[in-house]
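Presented below is the structure to which this report refers.
Note: hydrogens, waters and symmetry copies are ignored here, and every other heavy atom, side chains too, is used. Note that the numbering runs from 1 along the sequence shown for the chain.
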Amino acid sequence: MRITDALLGEHGLFYGLFGEISTAMLGPKCEIETLARALSSLVVTHAELEEEILFPALREHIGQMGPIEGMEMEHRQIEELLDAIPHTKDSLETQQLVQELIDICVAHFAKEEGVLFPLADQMLDEAQQEQLGRRWAERRGVNLEPMGCAA
């Protein structure tokens with residue numbers, strides 16, 4: 001599995017979760033906070049995987065500046081919002097922060113899907129993409145080895 005395919009697959013899961021959170025925002029603050037905590041755990045580990053696996057490989061080709069720096073800045077912005085959500089005073093403030101978080105994540109993912117992942121596809125050969133994908137799978141606990149059929 002290529003690293004860009006793995007990360008893109010995670011984006012698909014986030015889009016579904018964003019929809020559930022948007023629906024939950026009509027309900028009590030505790031429900032929103034519960035979903036935001038789940039989102040927090042997933043988004044933080046997703047960002048960590050990008051920063052530990054994909055970004056260093058891309059930096060070898062494009063250097064420190066450019067899209068990677070922007071992605072890392074947005075990761076910090078997302079983390080700040082995630083940290084602020086449990087400290088909101090009421091449902092309206094929680095809803096506003098969660099909506100801002102979703103909006104930033106969707107825009108961030110669009111940049112990854114439209115710029116960063118295609119850049120990785122251009123600059124990283126298939127073997128390197130696969131090797132990075134194996135590192136992703138190891139960190140996520142995903143078994144990429146095919147299961148044999150018992151005779």
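Between M123 atom CE and E60 atom CD the span is 11.5 Å, to the nearest 0.5 Å. Rounded to the nearest 0.5 angstrom, L116 CG and L54 CG are separated by 5.5 Å. In this structure, OG1 on T45 lies 10.0 Å from CD on E50, to the nearest 0.5 angstrom. Separating the CG atom in L39 from the OG1 atom in T34 is a distance of 12.5 Å, to the nearest 0.5 Å. Here I53 contributes atom CD1 and R135 contributes atom CZ; the two are 5.0 Å apart, rounded to the nearest 0.5 Å. Note that the OG1 atom of T88 and the CG atom of D90 stand 7.0 Å from one another [nearest 0.5 Å].
For E126, the side chain to side chain contact (heavy atoms under 4.5 Å, CB included) partners two or more places apart in sequence, or in a different chain, are R2, E130. With sequence neighbours left out, E79 forms a side-chain hydrogen bond (donor to acceptor under 3.5 Å, both in side chains) with R76. Under the side chain to side chain contact (heavy atoms under 4.5 Å, CB included) criterion, T23 pairs with no residue, sequence neighbours left out. Under the rule for a side-chain hydrogen bond (donor to acceptor under 3.5 Å, both in side chains), Q95 has no partner lying at least two apart in sequence or in another chain.
Between P86 and D83, the closest heavy-atom pair is CD-O, 3.3 Å. The heavy-atom pair separating A57 from L132 by the smallest distance is CB-CD1, 3.7 Å. Contact detail for L35 and A24: the closest heavy-atom pair is CD1-CB, 3.3 Å. The two residues A6 and M1 have their closest heavy-atom pair at CB-SD, 3.5 Å. Closest heavy-atom contact between F117 and T4: O-CG2, 3.9 Å. Shortest non-hydrogen contact noted between A120 and L58 is CA-CD2, 3.6 Å.
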Pair W136, E10 - check side chain to side chain donor-acceptor pair (under 3.5 Å), show working.
CA-CA 11 Å; W136 168 88; E10 288 188 0; 2.8 Å; yes
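Sorted by first then second residue, the side-chain hydrogen bond (donor to acceptor under 3.5 Å, both in side chains) pairs that include residues 104-116, not counting sequence neighbours, are H11-E112, H11-E113, Y15-E113, E74-H108, E74-K111, H75-H108, H108-E112.
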Only pairs under 3.5 Å count here: list side-chain donor-acceptor contacts from residues 96-105, not counting sequence neighbours, and write none if there are none.
residue : atom : partner : partner atom : Å
Q99     : NE2  : D103    : OD1          : 2.8

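Residues M25 and V106 fall within the same hydrophobic cluster, defined by Ile, Leu, Val, Met, Phe, Trp and Tyr side chains chained together at heavy-atom separations under 4.5 Å. L13 and F109 sit in two unconnected hydrophobic clusters of ILVMFWY residues. Membership requires side-chain heavy atoms under 4.5 Å apart, directly or through other members. Under the 4.5 Å side-chain heavy-atom criterion for Ile, Leu, Val, Met, Phe, Trp and Tyr, I62 and V115 are members of distinct hydrophobic clusters. Under the 4.5 Å side-chain heavy-atom criterion for Ile, Leu, Val, Met, Phe, Trp and Tyr, L42 and I85 are members of the same hydrophobic cluster.
No more than 12 heavy atoms of other residues, nucleotides or ligands lie within 6.0 Å of CD in E138, so this atom counts as exposed by the packing criterion.
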